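Notes follow once the structure below has been shown.
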Amino acid sequence: MASYTAKDITVLEGLEPVRKRPGMYIGGVGAAGLHHLVWEVLDNAVDEAMNGFATTINVTLHEDGSSVTIADDGRGIPVDRHPTTKQSALEVIFTVLHAGGKFEPGSYKTAGGLHGVGASVVNALSTELRASVRRDGTLWEMAFRRGKPTGPLQKAGPARGTGTSVYFHPDPTIFPKVEFDPALIRERLEIVSFIHKGVKVSFDCRPEGTKDVFEHKEGLSDYLRKIVSARGARVVHEAPFVLEREASPRLDIALHWTESTDEHVRSYVNGIPTGSGGTHENGLRAGVGKAVRNYIDTHNLSPKGVTLTAEDIREGLTGVLSVFIEEPQFQGQTKDRLNNQELTSVVDGAVRPALEHWMNHNRSVAEAIVARIILAARAREASRAAQAEVTRKTATSGRLNLPGKLSDCTSANREETELFVVEGDSAGGSAKQGRDRGKQAILPLRGKVMNTEGMTLARVLENKELADLVTALGCGMGRNFDLSKLRYGRIVILADADSDGHHIATLLLTFLYRHLPQLVSAGRVFLAQPPLYRIDIGRDTYWALDDAHRDRLIAQHAKSRGTPEITRFKGLGEMMPKVLWETTLNPRTRRLLRVEIADPIVTDRVINELMGKDASARFRFIMDRAEDAEELDL
Ligand code: 0RA
C-alpha cells in the first residue's frame with residue numbers, strides 16, 4: 001500500500017449513538033471505560049509504530065489528572081480533503097463512527113482489536129479534544145467539543161518532521177469520575193514497550209511529578225526476565241527460548257523453565273492482555289508439550305517407572321505470548337479470552353518445530369529442562385503414593401508422634417536447628433552426648449537403610465527407619481509435602497568415614513533425592529565429614545578425613561616436629577563424644593558438605609544405574625556430587 005488518503009475512508013454514521021449509549025462502545029463509564037479512551041488513542045499511535053512509521057510515543061497525564069495527551073512521531077494523520085464530503089481525513093477520523101477503514105482489506109492493520117472503535121468515540125465522549133498534526137512542513141490543528149468541530153482544520157504554523165498529538169478531556173457528564181490512574185497507565189505503557197521492541201514510550205505524569213521512559217531492545221524476552229525475577233524463581237537455563245514470527249499472523253514468544261512449581265504464562269492479542277487465555281495459549285501448551293516429548297523420545301531420555309504428563313512438562317514454565325490478528329474474537333465474562341479457533345494450530349504449528357530445533361541445538365539446556373520435568377513427574381508420583389499413607393496416619397493420630405529414639409533439640413527456632421541422621425546405635429550414643437542439645441537433634445538409624453531406588457512411596461514407608469525419619473522431619477511427603485512444616489533447618493547425614501558408612505550415606509541420599517527432592521533442592525541436606533584418622537604430632541592434634549588428607553597433613557607438619565602418631569577410627573561409636581563434637585558437630589570447627597543437584601539428569605541416570613551395583617562405585621558418585629557442592633564455612 002503506497003499511501004492511504006481520504007478517499008479510502010468509509011463513511012458509516014455520526015456520533016450521537018456513542019453519547020447515548022457509551023457502554024456499547026467502551027464497555028461502561030466506570031474507571032475501565034474511562035481508561036479505555038486512553039488505550040484507544042494509544043492504539044492508534046502504537047499502530048504507527050508497529051508499522052514502522054513511528055519510533056517514539058509520549059504520553060502526558062496533565063496536572064488536573066483528568067486530561068491526557070498522546071503524541072507520536074509517525075506520518076501524521078492525513079489532512080487532505082475527501083473527494084465527495086470535502087472534509088479532511090482528520091476530521092472524518094475524529095467525527096465519523098467506524099471511520100478509518102480498520103478491518104477492511106488493504107487497509108492498515110490495527111493494534112486495537114478489542115477497541116477498534118476509533119478516535120471518534122474518544123472525541124464524542126470528551127468535552128475537549130485537540131488534534132495536532134505535523135506533516136509536509138506544516139503544523140495543523142483542529143479542535144472539537146463533545147465530538148463536534150469548534151473550528152476548521154487550520155494551519156497553525158511551520159513544523160519540522162512528522163507526527164500526531166491528541167489531547168483530550170473526558171466528559172464529566174458521561175463519566176461520573178474523571179480521574180486517571182497513573183499506575184494503570186504506566187503499566188500499560190511498559191507492556192507496550194515490551195510487546196513492540198525498540199519503540200520508546202515515555203510517560204510524563206504531572207500529578208505525581210514523575211517521568212518514565214520505557215524502551216526494550218529485546219522485547220518479550222526482556223519482559224520475561226522481569227517476570228521471572230519478580231517471581232523470585234530460579235531458572236533452569238540461562239537464555240530463554242525466543243520465537244519471533246513476522247509473517248501474518250505476527251507471533252512473539254519467550255519461554256523460560258524455572259524451579260517454581262507452577263506454570264505462569266501471560267498472553268496478549270493485538271497488545272491487549274488475555275488474562276483468561278484462550279485458543280492462542282492452548283496452541284502454545286500443545287506445541288511445547290509435543291516439542292518436549294519429541295525431544296525426549298528422539299534422545300531416549302524417557303525415565304523409568306514414571307510417565308510424564310503434560311503438567312509435568314510445563315511445571316515451572318514461565319512465558320509470554322503475543323499475537324497480532326486481524327479480527328480477534330473475545331469471549332468470557334471479562335472478554336479476555338481469545339476464541340479464534342484457527343489460532344490454536346497456528347501457534348502450535350509455529351512453536352513445536354522451533355522449540356524442538358532450539359532444544360536440539362542447545363543440548364545441555366535441553367537436558368536440564370528434561371531433568372526438571374522428570375523431577376516434577378517423580379515428585380508427583382511420590383505425592384500420590386504418600387497421599388494414602390498420610391491420610392491413614394492422620395486418621396489414627398491427630399498429632400505428630402515423634403519416634404522414641406529421636407533425641408530432639410530444645411530450640412523451637414527451626415533455622416538454627418539441625419537433625420543429624422546417624423548410622424548405628426553406638427554412634428548415636430556418642431553423638432547424643434557430644435552434641436549441642438539446644439540446636440542439634442539426633443536420630444540414630446539401626447542397621448542398613450534399604451535401597452529405595454524404584455520403590456513406591458507406600459513400600460518405602462513400610463520401612464520403620466525411613467518412616468521414623470519422615471516423621472521426625474515433620475514436612476510430610478509427596479503431595480502432602482510442606483516445606484514450612486519441616487522441623488529442622490538442616491538435615492545432616494552423619495555416617496562413618498569407611499565404606500560401610502559411605503554405603504549408608506548413599507542409600508539415605510537416594511531416598512532423599514527420590515522421595516523428598518524438595519529438601520535437596522531447597523539446599524537443606526548436608527553430609528557431615530567425620531575424620532577417619534587422628535594424627536598427633538608433638539603437642540598438636542590433627543584430624544584427617546581420608547588417606548590423602550592424612551598424608552598431606554603429615555607432609556605439612558611432621559618434618560619439623562617429629563614422628564606422627566596415627567590412630568584410625570573404626571567407627572563413630574569409638575570416638576569420644578568430645579572428639580566427635582570438636583571434629584564433626586561443632587559449627588565453629590567442622591565442615592559440612594551441602595548436597596546439591598548440580599546436574600539432575602546425570603544424577604537421575606547415575607542413581608538408576610548404580611543402585612544395585614557395588615557400594616564403592618556408589619560412593620564415588622556421591623563424593624563426586626559432593627565436590628560439586630558448595631562447601632560451607634561455618
Ligand atoms: C491514516 C493514514 C495514515 C496515518 C494515520 C491514519 C495515522 C493515524 C494516527 C493516529 C495517531 N497517530 C497516527 N498516525 C498516523 C497514513 C497517511 C500517509 O500515507 O502518510
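Indexing begins at 1, ligand by ligand and atom by atom, following the structure's order. Numbers here are sequence positions counted from 1. Please read all numbers here as calculations on a predicted model, not as lab measurements.
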Completion exercise
Min over Asp43, Asp72, Ile93 of heavy-atom distance to atom 11 (C) of ligand 1 lands on Asp72
Practice task
Identify, by atom number and element, the atoms of ligand 1 in contact range of Asn44, meaning under 4.0 Å from any of its heavy atoms.
Solution key: 10 (C), 11 (C)
Exercise for the section: Flag the pair Glu263 and Arg285 as a salt bridge only when some basic side-chain nitrogen lies within less than 4.0 angstrom of an acidic carboxylate oxygen. Expected result: yes
Problem - Minimum side-chain heavy-atom gap Val41-Leu37 below 4.5 Å - result: no
Fill in the blank from the handout: In ligand 1, the atoms that come under 4.0 Å of a heavy atom of Arg135 are 17 (C), 18 (C), 20 (O)
Practice task
Kindly indicate whether a cation-pi arrangement holds for Arg75 with Phe53, taking the cut-offs as under 6.0 Å to the six-membered ring centre and within 45° of the axis.
Solution key: yes
Practice task
Look at atom CD of Glu246 and say whether more than 12 heavy atoms of other residues, nucleotides or ligands are closer to it than 6.0 Å.
Solution key: no
